[in-house]
Trainee: 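Submitted below is the structure of interest, expressed as structure tokens.
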Amino acid sequence: MQEPIHPGYIRRLKIDNIRYVMMTRSRWLQVGGAAFIAIFLGTFNSAPLVELVRQPVYYRDIIITLFQALLIFTYIDLVTIWLNNRLSWQTKFISRLVTQIAFGLGGATALAYSFAYLHYRFIDSEHVFGTDSFLKTEFPVILLFMLFINSLFSGIAYYQELTQKEPNQVETATKEAQFATTLLGIQGNRKIAVPIDTVALISVEHGITWLFTFNNTRYHLDEPLQKVAERLDPVKFFRVNRQHIVQLAACFSYQSADFGKIKLTLTPPFTTELTISQKTASTFRKWMDR
Amino acid sequence: MITMTPFRSIPAHERIQLMDALRGFALFGILTVNIWSFSRYEWLPPEQRTDTWLTDLLMILVDTKFMTIFSLLFGAGFSIQQQRASAKGVNFVPYYSKRMLILFLIGCLHAYLFWFGDIIRSYALLGIALLAIRSLSTKATLRLALVFICFLTPLVFILNEMIGIRTNPEQVDGIPLQTFIYTTFIQGSYPQILRTNWIIDPWHNFIQDMPISLVAMFGRMVLGVWLARIGFFRNPAAHKPLIRKWLWWGGTAGVAGSVGFWAIHKGLLPMDEPYMLGVIFIVASCLVLHSLCYVALFVKLYTGLLGVGLLRFLAPVGRMGLTNYISQTLLAFAIFYGAGTVGKVMPVAMLGWTFAIFTLQILLSRWWLSRHEFGPVEWIWRRLAYAGADTSRLHSPIEN
């Protein structure tokens, strides 16, 4: 039943991981961080606040800075992800530090400098780039922000390396591939491959192992419950007691019963209420509430 | 064909909507009071203020009442989270401590970046203190609440007045403090306003107000814990006698206490007379009764014909209470600074703005919650609280 893991599967996992990073952690970090920087740079000046917020140019500058900051955030994030796959913080610390500074900080600085030049050249032409306070006051602050963003993304990458998130995912994938994708059900003389996702409940009655699908079709299994349990994905299936294994999607609700036990109600059409012992109750709750 | 129903928690795990609606109601009262500070009216020189009967009425009917309700709900929320954590086998102390630490940081950002009058930090500190009473019996919890409300709060009030701790500088940059604050808040740049927040905060919040605030709020929170333990919010219909008592005593003694509190603030009572010590103890107890009268009134309306309306309009505001508390600051500043009316809005107009801002909050909360499960600040709070933990536990319905 074991299937070898296709190299493409591992590659897809890595791509999914990057996509996950892009869509979740980075998204709120980028948008929130860029908004903070834009508002900070736009508002933190010597003009009285009550006058500043009534000038349209204030909002224009904030929106422009927001887009610039978003681009810089995205750039630093992409550089960090790119470096994560090539230079490990743990094994090649010096090389990684130098590369991160060169590309992450240096590249972002060049980008910010270019944005400022373009802004002063085409949008805010009253100021001549290089002659006002930009280089003395705003630019060092921007530099500090970029240093902070680099440290933040690098810190997250280092933390992820330490906790070895990616190998774990690969390990999970390996295990997933080892779990049964079908079970061989017996109906009369026929042996039928029952897809694992259609299995709602597996139970033992009078020493015979029975499999029930979600549409309440019953099959006989030619192996003991313990053997079946070993081949099932523990993320999806749980052995609630000696007689029953349930799939997560088949669990409709559960409620506490006397003496720390749990009563489990399955998705209709199953009407039987399963009782889970006090000993198993805590593990079952954790499994349900993941 | 069988519909595959995903696992759903039993109804008891759902949010208590009465609490959400009541929190929304409390937020309205809090805005009514805080808007005086947002508009910078409270820092105006006396000759520029137009205090009228409305000012006094708001002081009697609104000031401190809604903060009490908010504190009751915070305590009740603590108790409910504790119960749920226990049922789910979650180790509550580290979970809750982490949440409070993050709440404290959110409060610091709110206080220093926007408004020095922030109260979130006090809630975070008291939230950790509540952990100390988590094992008390229901009866002992009530007793402790009464000790704090009827004895310790007035005692600290008296000591605060007697010792008169004032560490605020008399002058800043060679200008009298009051003028400096007024000028900065109304005419200053954002960095100057930030600096003023930094100057005001230590003495105003931590030294001058913190002792009385912490003691008063803790008593109310413990009372909230007790209310949650007796199942008041889950099943208010079972507590009709209590609600009747609150209505009666709150509507009489409670309002009288609030009038007394107003008179003390106005300097209308002879504070140097020894019998006034007794009056302060009575007033402190009655103030809470006044808030409980509002709670009772709200529950009556909620369980009556107005229930659906209150639920529809106030519950979304309360469900994202932290977001709305902070957004009140931002919206008010945006309006008053944006319109150039900061320091120029007088009490009647302020009440109008209160209704306008709160209506906007109702609309925004309903719109947001129709698309998302949590308010934006609540979402960040949860993300940070669960950072490093199994992300699937983000769906753990412990909070209320």
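In what follows, every chain begins at residue 1, and chains take the letters A, B, ... in the order their sequences are listed.
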Trainee: With a 4.5 Å heavy-atom cut-off (strictly below), which parts of residues 322-335 of chain B touch chain A? List them by number.
Mentor: none
Trainee: For atom CH2 of A/Trp89, is the number of surrounding heavy atoms from other residues, nucleotides or ligands below 6.0 Å larger than 12?
Mentor: yes
Trainee: Could you name the residues of residues 52-66 of chain A that have a heavy atom within less than 4.5 Å of a heavy atom in chain B?
Mentor: A/Val53, A/Arg54
Trainee: So which part of A/Thr43 gets closer than 4.5 Å to some heavy atom of chain B, the side chain, the backbone, both or neither?
Mentor: both
Trainee: Give the interface residues of residues 187-194 of chain B toward chain A, defined by a heavy-atom separation under 4.5 Å.
Mentor: B/Gln187, B/Gly188, B/Ser189, B/Tyr190, B/Pro191, B/Ile193, B/Leu194
Trainee: Compare every heavy atom of A/Val50 with every heavy atom of B/Val342, then report the nearest pair and how far apart it is.
Mentor: CG1-CG2, 3.7 Å
Trainee: Can you measure from CZ (A/Phe36) to CG (B/Leu113) and round to the nearest 0.5 angstrom?
Mentor: 6.0 Å
Trainee: For A/Trp210, give me all partners under ring pair (Phe, Tyr, Trp, His ring centres under 6.0 Å), at least two apart in sequence or on another chain.
Mentor: A/His220
Trainee: So for atom CZ, which belongs to A/Phe44, do other residues, nucleotides or ligands contribute more than 12 heavy atoms lying within a distance under 6.0 Å?
Mentor: yes
Trainee: Give the member of A/Ala200, A/Ala47, A/Gly32 that has the highest number of heavy-atom pairs under 4.5 Å with chain B.
Mentor: A/Ala47
